[in-house]
Number of protein chains: 2
Amino acid sequence: MGNKMVIADKNVELKIRAVGLKPTRQRIGLARLLFIGCARHVTADELFAEASESGVPVSLATVYNTLRQFVDVGLLREVLAGPERSYFDTDVSHHHHFFHVDENRLEDLPPGSISIDDLPNAPAGSKIERVDVVVRLTRK
Amino acid sequence: MGNKMVIADKNVELKIRAVGLKPTRQRIGLARLLFIGCARHVTADELFAEASESGVPVSLATVYNTLRQFVDVGLLREVLAGPERSYFDTDVSHHHHFFHVDENRLEDLPPGSISIDDLPNAPAGSKIERVDVVVRLTRK
DNA sequence: ATTTTAATTTAGAATGCTTCTAATCCATTG
DNA sequence: CAATGGATTAGAAGCATTCTAAATTAAAAT
């Protein structure tokens with residue numbers, strides 16, 4: 001049990017090393033929260049609160065820095081669900097989201113939902129970086 | 001010519017009245033910029049700059065108030081393209097967008113692009129408000 | 001081990017967009 | 001034309017995020 005934890009920690013450290021970042025205490029702590037267990041959607045604030053509660057010594061600035069770095073190296077994906085704040089998804093595979101407007105919460109679309117046909121050509125001089133689909137939900 | 005302008009102004013005033021808002025100098029001025037001519041995508045800042053240049057006496061606060069009110073009454077649609085700022089679309093019909101990441105600029109998808117099949121059911125207790133598709137573009 | 005080096009973290013300030021406040025203004029009504 | 005209640009405003013405040021410059025720390029070199 002304690003054994004499993006140590007192994008997971010090692011994996012997390014390797015994961016950070018693998019993308020060319022130094023495995024600092026802060027990055028390891030945040031990566032454990034993000035990557036051990038199920039896929040998740042977090043905001044900077046949420047992750048900072050969680051880190052504080054679970055004793056990971058980290059400042060809010062570092063949470064922002066780390067999230068951005070993890071996105072840059074492909075460990076996280078930033079999901080653009082609204083203009084108020086950024087969401088980060090530990091599942092970097094191509095998929096889309098529900099956004100619960102009343103709760104500011106993201107949820108994955110059930111697999112197999114939404115297939116996009118007739119994707120348009122990019123205008124001259126541009127290329128498609130990606131296609132985001134957000135299904136906005138309100139309380140019934 | 002001056003005649004056409006006057007007619008357009010009257011239409012704009014009626015449009016504002018029709019949704020239950022007082023046709024003040026500011027709202028009429030902003031509505032003329034927004035609704036006379038082709039459909040457009042603006043940010044609060046852009047509209048404020050344009051109003052200032054063209055002699056519409058309005059403060060930035062009122063631009064924000066007015067945009068929000070116009071969205072509330074269905075005269076405008078807010079487009080969620082990224083976390084940095086809000087975009088407002090004078091075309092309130094159901095359609096989707098290109099977003100030029102390098103220029104912070106929206107553009108309508110060509111008509112007929114993107115048909116969404118297999119729209120998922122909303123989770124229990126929620127209902128689908130709308131589906132946003134944003135095709136993000138970078139320079140080639 | 002110790003020192004060195006360069007990257008990382010940090011608190012706090014700064015930024016950018018948006019909303020709020022409370023005082024003034026003005027479109028409408030009687 | 002005066003009264004009234006909504007609209008506008010400047011400026012402050014709020015919030016998410018980034019920046020800055022100083023202190024810390026992981027890794028490399030000795």
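Naming: A, B, ... by sequence-line order, numbering from 1 per chain. The basis for the numbers below is simple: all heavy atoms, side chains too, and nothing from hydrogens, waters or symmetry mates.
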Checklist line | nucleotides 24-30 of chain D: protein proximity per nucleotide (B base, S sugar-phosphate only, - neither; heavy atom, under 4.0 Å) | finding: -SBS---

Check: Who passes salt bridge (Lys or Arg N to Asp or Glu O under 4.0 Å) against Asp132(A), sequence neighbours left out?
Finding: Arg77(A), Arg130(A)

Notebook entry, point to check: Any side-chain N or O of Arg27(B) under 4.0 Å from OP1/OP2 of dA7(D)?
Noted result: yes

Check: When clusters are formed from ILVMFWY side-chain contacts under 4.5 Å, directly or step by step, what else is grouped with Val135(B)?
Finding: Phe98(A), Leu109(A), Ile114(A), Ile116(A), Leu119(A), Ile128(A), Val131(A), Val133(A), Val135(A), Leu137(A), Phe98(B), Leu109(B), Ile114(B), Ile116(B), Leu119(B), Ile128(B), Val131(B), Val133(B), Leu137(B)

Item checked: His41(B): partners by ring-ring contact (aromatic ring centres under 6.0 Å, His included), with sequence neighbours left out -> His97(B)

Note to self: Would a single hydrophobic cluster contain both Leu33(A) and Val73(A), if residues Ile, Leu, Val, Met, Phe, Trp and Tyr are joined by side-chain heavy-atom contacts under 4.5 Å?
What the structure shows: yes

Checklist line | Residue met sooner reading DNA chain D from 5', once Leu60(B) and Leu21(B) are mapped to nucleotides | finding: Leu21(B)

Item checked: Pairs satisfying salt bridge (charged side-chain N to carboxylate O under 4.0 Å, His left out), at least one member in residues 34-47 of chain A, at least two apart -> Arg40(A)-Glu50(A)

Item checked: Which residues share a ring-ring contact (aromatic ring centres under 6.0 Å, His included) with His96(B), sequence neighbours left out -> His94(B)

Next item on the list: Provide, to the nearest angstrom, the distance between the CD1 atom belonging to Ile28(B) and the C1' atom belonging to dA7(D).
Entry: 13 Å

Check: Are Ile36(B) and Val42(B) linked, directly or through other ILVMFWY residues, by side chains that come within less than 4.5 angstrom of each other?
Finding: yes

Notebook entry, point to check: In the hydrophobic cluster built from side-chain contacts under 4.5 Å, what are the other members alongside Phe99(B)?
Noted result: Val79(B), Tyr87(B), Val101(B), Leu106(B), Val134(B)

Next item on the list: Could you check whether Ser86(A) gets within reach of a base, just the sugar-phosphate, or nothing at all, counting any heavy atom under 4.0 Å?
Entry: sugar-phosphate

Next item on the list: Give the cluster check for Val56(B) versus Val63(B): same hydrophobic cluster or not, with ILVMFWY residues linked at side-chain heavy-atom distances below 4.5 Å.
Entry: yes

Margin query: Quick check on contacts: within residues 62-70 of chain A, what sits under 4.0 Å from DNA chain D by heavy-atom distance?
Written below: Tyr64(A), Arg68(A)

Check: Should Glu107(B) and Arg105(B) count as side-chain neighbours, where that means a heavy-atom distance under 4.5 Å?
Finding: yes

Item checked: Start and end of chain A contact along DNA chain C [non-hydrogen atoms, under 4.0 Å] -> dA7(C) to dA11(C)

Checklist line | Pairs touching residues 118-140 of chain A that satisfy ring pair (Phe, Tyr, Trp, His ring centres under 6.0 Å), sequence neighbours left out | finding: none

Item checked: Donor + acceptor pair across side chains of Glu129(A), Thr138(B) (<3.5 Å) -> no

Item checked: Residues that Gln69(A) engages under side chain to side chain contact (heavy atoms under 4.5 Å, CB included), provided they are two or more places apart -> Leu21(A), Arg27(A), Asn65(A), Thr66(A)

Notebook entry, point to check: Which of residues 76-84 of chain B have a heavy atom under 4.0 Å from DNA chain C?
Noted result: Glu84(B)

